[in-house]
Amino acid sequence: MSDAFNTPVSVDPRLLEVLVCPVTRGRLTYDRERQELVSRGAKLAFPIRDGVPIMLAEEARKLD
């Protein structure tokens, strides 16, 4: 854990193996600094809150 709020330092690699982008069904990459799962195909970044990936397109940040 990385701080007093028990924020996970990283995402379990097994979770990355099974999660896919809900828009494209493509692969996701983990951005540790921003705590996001990134879909390059959909140009979206899905937030990770309290260790839980929020895989809703309406919650995702648009990438440039």
Side-chain angles (χ1 to χ4, degrees):
M1 299 293 162
S2 64
D3 58 24
F5 298 106
N6 296 323
T7 304
V9 175
S10 66
V11 172
D12 185 337
R14 293 175 292 178
L15 185 60
L16 286 176
E17 289 176 15
V18 296
L19 283 178
V20 296
C21 172
V23 176
T24 66
R25 302 286 185 236
R27 182 178 214 125
L28 297 166
T29 57
Y30 174 54
D31 182 337
R32 180 184 299 222
E33 186 175 306
R34 289 184 173 235
Q35 287 295 295
E36 296 175 326
L37 293 175
V38 177
S39 170
R40 301 230 183 266
K43 296 184 180 177
L44 295 172
F46 298 92
I48 299 172
R49 297 186 189 130
D50 299 321
V52 178
I54 309 301
M55 303 305 294
L56 301 170
E58 54 271 7
E59 293 286 323
R61 178 177 64 83
K62 293 180 182 177
L63 301 175
D64 295 329

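FYI, side chains are in, hydrogens and waters are out, and symmetry mates aren't considered; it's all heavy atoms of this structure. Everything numeric in this text was worked out from a predicted model, so none of it was measured.
Residues that satisfy the side chain to side chain donor-acceptor pair (under 3.5 Å) test with Arg27, not counting sequence neighbours, are absent from this structure.
Scanning all heavy atoms of the two residues, the minimum distance from Pro47 to Ala60 falls at CD-CA, 4.3 Å. For Gly41 against Thr24, the heavy-atom pair with the smallest separation is C-CG2, 4.0 Å.
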_Applying side chain to side chain contact (heavy atoms under 4.5 Å, CB included) to Leu37 and Leu16, what does each step give before you reach the verdict?_
CA-CA 9 Å; Leu37 293 175; Leu16 286 176; 3.3 Å; yes
_Verdict with reasoning, Arg61 to Arg34, per side chain to side chain contact (heavy atoms under 4.5 Å, CB included)_ = CA-CA 11 Å; Arg61 178 177 64 83; Arg34 289 184 173 235; 3.0 Å; yes
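No path of Ile, Leu, Val, Met, Phe, Trp and Tyr side chains, each step under 4.5 Å between heavy atoms, connects Met55 with Val38, placing them in separate hydrophobic clusters. Val20 is not connected to Leu63 by any chain of hydrophobic side-chain contacts under 4.5 Å among Ile, Leu, Val, Met, Phe, Trp and Tyr, and they are in different clusters.
Of the possible donor and acceptor atoms, one in the side chain of Asp31 sits under 3.5 Å from a partner among the backbone N and O of Glu33. Side-chain atoms of Gln35 come within 3.5 Å of backbone atoms of Arg32 as a donor-acceptor pair (strictly under, hydrogens ignored).
Between Pro53 and Leu19 the shortest side-chain heavy-atom distance falls below 4.5 Å.
Side-chain contact of Glu36 with Tyr30: a donor-acceptor pair under 3.5 Å is absent, judged by distance alone.
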